[in-house]
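Quick caveat: nothing in here was measured; it's all calculated off a predicted structure. Proteins get letters first, then strands, A, B, ... in listed order; numbering begins at 1 in each.
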Amino acid sequence: MHMDTGDISVDELDGGFDLQATVESGQSYLWRREDGRMYDRTDAHGGDAWYYTVLPSTETETNEPEVLRARQTDGRLEWVASTPNAYAHLEALLRLDDDLDAIIGSTPEDDLVERAYDAYRGMRLVRDPSFACLVSFICSAQMRVARIHGMQTALAEAYGESVAFDGETYAAFPTAEALAAATEAELRDISLGYRAPYVQRTAEMVANGEALPEEARGLDYEAARESLTRFVGVGDKVADCVLLFSLEYLEAVPLDTWIRTAIEDHYPDCEQGNYTDTSRAIREQFGGQYAGYAQTYVFHYLRAGGE
DNA sequence: TATCCAAGGTAAGTT
DNA sequence: AACTTACCTTGGATA
């Protein structure tokens, strides 16, 4: 199998980069750590650990799953991959093409947002494959971050295509067809709980072409959100996550429990009594165009214990 | 050791 | 259209 290795200096990226913060901040559940220590708060500088993801065959030039491993150490981002264009894939998945300095510079003055930006400078949004992102956030309902991650790993190991690379076996995230063929009981057996039928039915909708997450692309933001709520288990909040973490709507601000707490404590005027209006208000508070960046930093900052 | 509770919400049933 | 309630499971907190 092909092997592509290389590295770049993180200084070449506008605004720097923080791999650990990017993949362990609860925006993507599709990266795993080789040492298995995801979300360990005592792991203050796990930043030099190897992480990996497996691109689904639908996202690759070779039409087979591709393994992408990366780590950040001594100011360099290294990769080892089974893909011919590994850096291009890394750049896309981890939004290395974003000009972070410009994005952060365009955010309105705000005490909480600035503290969050200062604490995790270099964290980037992700660009997850849409179906995997959709399933991840359907699973996120009333769940802790570590368990959401565990569910995606379990789904990959049970229903994903496996690929051998560099002496190891890796599991890709399952296709819609594979999950559509699973039964609710099977999905409950891997601890999805009441989310099991949501995942199965949504997978079915995608597999038979009744609706595709990609169909939201290009619609006006609120219409795009509405489009995603067609899927079972997807309300406004999950739809916003898919828009932000996969479909490039960087203005989306998912109203999760942490952001709702932040609104209560810091932006009480933004509370409008319903999702749509509160969402508009906090989006404006965070500067509109890149409001989702501010949301993700604040989410990670508060969840990690900041105030 | 047992019990309780909250975790990145959504769907279905009531007013 | 707005408001309640049930829903799976589990790790960590509390008694």
Side-chain angles (χ1 to χ4, degrees), chain A residues 21-31 36-42 116 120 123 125-126 128 132-155 158 182-205 211 213 225-246 249 252-265 271-279 282-283 286 291-306:
Chain A
T22 300
V23 300
E24 294 197 45
S25 51
Q27 20 163 354
S28 174
Y29 297 96
L30 306 177
W31 289 80
R37 296 181 61 196
M38 293 286 275
Y39 313 116
D40 182 347
R41 293 185 193 184
T42 65
Y120 296 104
M123 183 174 79
L125 286 177
V126 295
D128 274 350
C133 183
L134 181 63
V135 171
S136 298
F137 284 95
I138 288 171
C139 290
S140 77
Q142 296 289 103
M143 271 298 143
R144 291 171 210 276
V145 163
R147 283 204 57 208
I148 302 166
H149 185 265
M151 288 179 182
Q152 309 321 304
T153 302
L155 285 173
T183 65
E184 175 182 334
E186 287 170 353
L187 295 176
R188 283 178 182 269
D189 283 344
I190 54 174
S191 298
L192 265 61
Y194 62 79
R195 304 152 199 81
Y198 300 168
V199 168
Q200 193 278 329
R201 290 173 62 193
T202 286
E204 211 162 53
M205 291 172 75
R225 190 168 67 197
E226 192 64 27
S227 166
L228 289 172
T229 60
R230 289 179 297 167
F231 295 104
V232 185
V234 179
D236 288 330
K237 187 272 174 186
V238 168
D240 266 336
C241 288
V242 177
L243 291 178
L244 181 59
F245 303 133
S246 177
Y249 287 78
V253 178
L255 299 184
D256 56 74
T257 57
W258 293 95
I259 286 297
R260 287 183 182 278
T261 300
I263 289 172
E264 239 176 81
D265 295 348
E271 179 51 61
Q272 299 292 307
N274 66 75
Y275 193 99
T276 299
D277 292 335
T278 304
S279 170
I282 192 69
R283 197 157 66 249
F286 287 166
Y293 250 104
Q295 186 274 357
T296 301
Y297 270 84
V298 167
F299 172 86
H300 188 48
Y301 178 68
L302 292 178
R303 208 180 65 81

Given atom CH2 of A/W258 and atom P of B/dG9, what is their separation to the nearest angstrom?
11 Å
For A/S191 and C/dC8, is the shortest distance between a side-chain N/O and OP1 or OP2 below 4.0 Å?
no
Figure out the CD1/C1' separation between A/I148 and C/dG11, and round it to whole Å.
14 Å
Would you say that more than 12 heavy atoms from the other residues, nucleotides or ligands in this model lie under 6.0 Å from the CZ of A/R201, or not?
no
Polar side-chain atom of A/H149 near backbone of A/W31 as donor-acceptor pair, under 3.5 Å:
yes
So does A/V126 get a backbone contact from the side chain of A/Q27, meaning a donor-acceptor N/O pair under 3.5 Å?
yes
Sugar-phosphate or base contact per nucleotide [nucleotides 10-15 of chain B; S, B, -; heavy atom under 4.0 Å]
SS----
How is A/E184 classified with respect to the nucleic acid when contacts are heavy atoms under 4.0 Å: base, sugar-phosphate, or nothing?
nothing
Categorize A/R188 for me: base, sugar-phosphate, or nothing, with a 4.0 angstrom heavy-atom threshold over every strand shown.
sugar-phosphate
How many Å lie between CG on A/L192 and C1' on C/dT10, as a whole number?
13 Å
P atoms of B/dG13 and C/dC8, separation to the nearest Å:
14 Å
Distance check needed: C/dC8 P versus A/M151 CE, whole Å only.
13 Å
Using atom CZ of A/R147 as one end and atom P of C/dT10 as the other, report the distance to the nearest whole Å.
6 Å
Salt bridge check: are A/D256 and A/K237 linked by an N-O gap of less than 4.0 Å?
no
Please tell me if the side chains of A/Y29 and A/F137 come closer than 4.5 Å, counting only heavy atoms from C-beta onward.
yes
Record whether the side chain of A/R195 comes under 3.5 Å of the base of C/dC7 through a donor-acceptor pair of N or O atoms.
no
If I take atom CD1 from residue A/I138 and atom CZ from residue A/R195, how far apart are they, to the nearest 0.5 angstrom?
11.0 Å
Of all the heavy-atom pairs spanning A/A132 and A/L30, show the shortest one and how long it is.
CB-CD1, 3.6 Å
If you measure from the P atom in B/dC5 to the same atom in C/dA6, how many Å do you get, rounded?
15 Å
Value in whole Å for how far the C1' atom of C/dC8 lies from CG of A/L187:
13 Å
Flag if over 12 foreign heavy atoms under 6.0 Å of CD, A/E184
yes
Between atom NE2 in A/H149 and atom P in C/dG11, what is the gap in whole Å?
16 Å
Looking only at atom types and distance, does a side-chain atom of A/T202 sit under 3.5 Å from a main-chain N or O of A/V199, one as donor and one as acceptor?
no
With both pairing distances under 3.5 angstrom for Watson-Crick or G-U wobble, and | for a partner in another strand, the correct string for DNA chain B is |||||||.|||||||
A/M143 CE to B/dA7 P, in whole Å, measures 12 Å
